[in-house]
Amino acid sequence: MNRYESDFIANLIYYRELRGYTQAILAGLCDRTKGNIGVIESGASAPSFEMILKIADALEIHPADLFLRNASHQREEVREFFEKELSETVKSMVEKKFPAAQKNEE
C-alpha cells in the first residue's frame, strides 16, 4: 500500500468518525453495503472515482480532503488571505511603482 492509499484510508476513517457514522451508515448513504466500505477501509479494494465522490458527498467534504486532510479548507484560507491582505498590498505596490497608471484610470 502506498502513502496515498494509506492517507486516503486514514482520512476516510477520520471524517466518517468525525460525523459519528458507522461503516453501515456511510454505506447506506453511498448506496453500498457495509462490506463495501469495510474493504475500502481495510485497503483490500480501491474505490472507483464515482465511489470517492459518493463518499465525499455523504461525508459533506470536498473529495480532495479524502487525500489531503483539510485541503479544501486550506485552499479557502489562502484565498481569503490573498483577498484580504495581499490584494491591498499588491495594489499599493503597483500604485507606488506606476503612479501615472493610477492617474490615467481616474
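When a residue number appears, it is its place in the shown sequence, counting from 1.
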Inset, instruction - Answer yes when Arg69 and Asp65 have at least one side-chain N-carboxylate O distance shorter than 4.0 Å, and no when they do not. - result: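 Looking at Asp65 together with Arg69, the answer is no, because their closest N to O distance does not fall below 4.0 Å.
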Legend entry - Shared hydrophobic cluster, Leu18 / Leu12 (ILVMFWY, side-chain heavy atoms < 4.5 Å):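 Yes, one cluster joins them.
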Legend entry - hydrophobic_cluster_shared for Leu53 and Ile37, side chain cutoff 4.5 Å: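 Ile37 does not cluster with Leu53.
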Inset, instruction - May I ask you to decide if Phe8's main-chain N or O and Asn11's side chain share a donor-acceptor pair within less than 3.5 Å? - result: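 Judged by distance alone, no pair lies under 3.5 Å.
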Answer yes or no: is there a side-chain heavy-atom contact under 4.5 Å between [X] and [Y]?
{"X": "Pro63", "Y": "Phe49", "result": "no"}
{"X": "Ile40", "Y": "Met51", "result": "yes"}
{"X": "Leu59", "Y": "Leu66", "result": "yes"}

Inset, instruction - May I ask you to list the residues sharing a hydrophobic cluster with Val39, side-chain cutoff 4.5 Å, ordered by chain and number? - result: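 Grouped by the 4.5 Å side-chain rule, Val39 forms a cluster of one, so the answer is none.
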Legend entry - Atom of Ser6, atom of Arg3 and distance for their closest heavy-atom approach: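 Result for this residue pair: OG-O, 3.0 Å.
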Legend entry - Approximate separation, where rounding is to 0.5 Å, of Ile61 CD1 and Arg16 CZ: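 Rounded to the nearest 0.5 Å, the CD1-CZ separation comes to 12.5 Å.
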Legend entry - Euclidean distance, Leu29 CG relative to Glu60 CD, rounded to 0.5 Å: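 Nearest 0.5 Å value for the CD-CG distance: 9.0 Å.
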Quick one: side chains of residues 20-27, donor-acceptor pairs under 3.5 Å with protein atoms, not counting sequence neighbours, listed by atom name and distance.
residue, atom, partner, partner atom, Å
Thr22, OG1, Ala24, N, 3.3
Thr22, OG1, Ile25, N, 3.1
Gln23, NE2, Glu41, OE1, 2.6

Legend entry - Which residues share a side-chain contact (heavy atoms from CB on, under 4.5 Å) with Asp31, sequence neighbours left out: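 Once residues adjacent in sequence are excluded, Asp31 has no partner under the side-chain contact (heavy atoms from CB on, under 4.5 Å) criterion.
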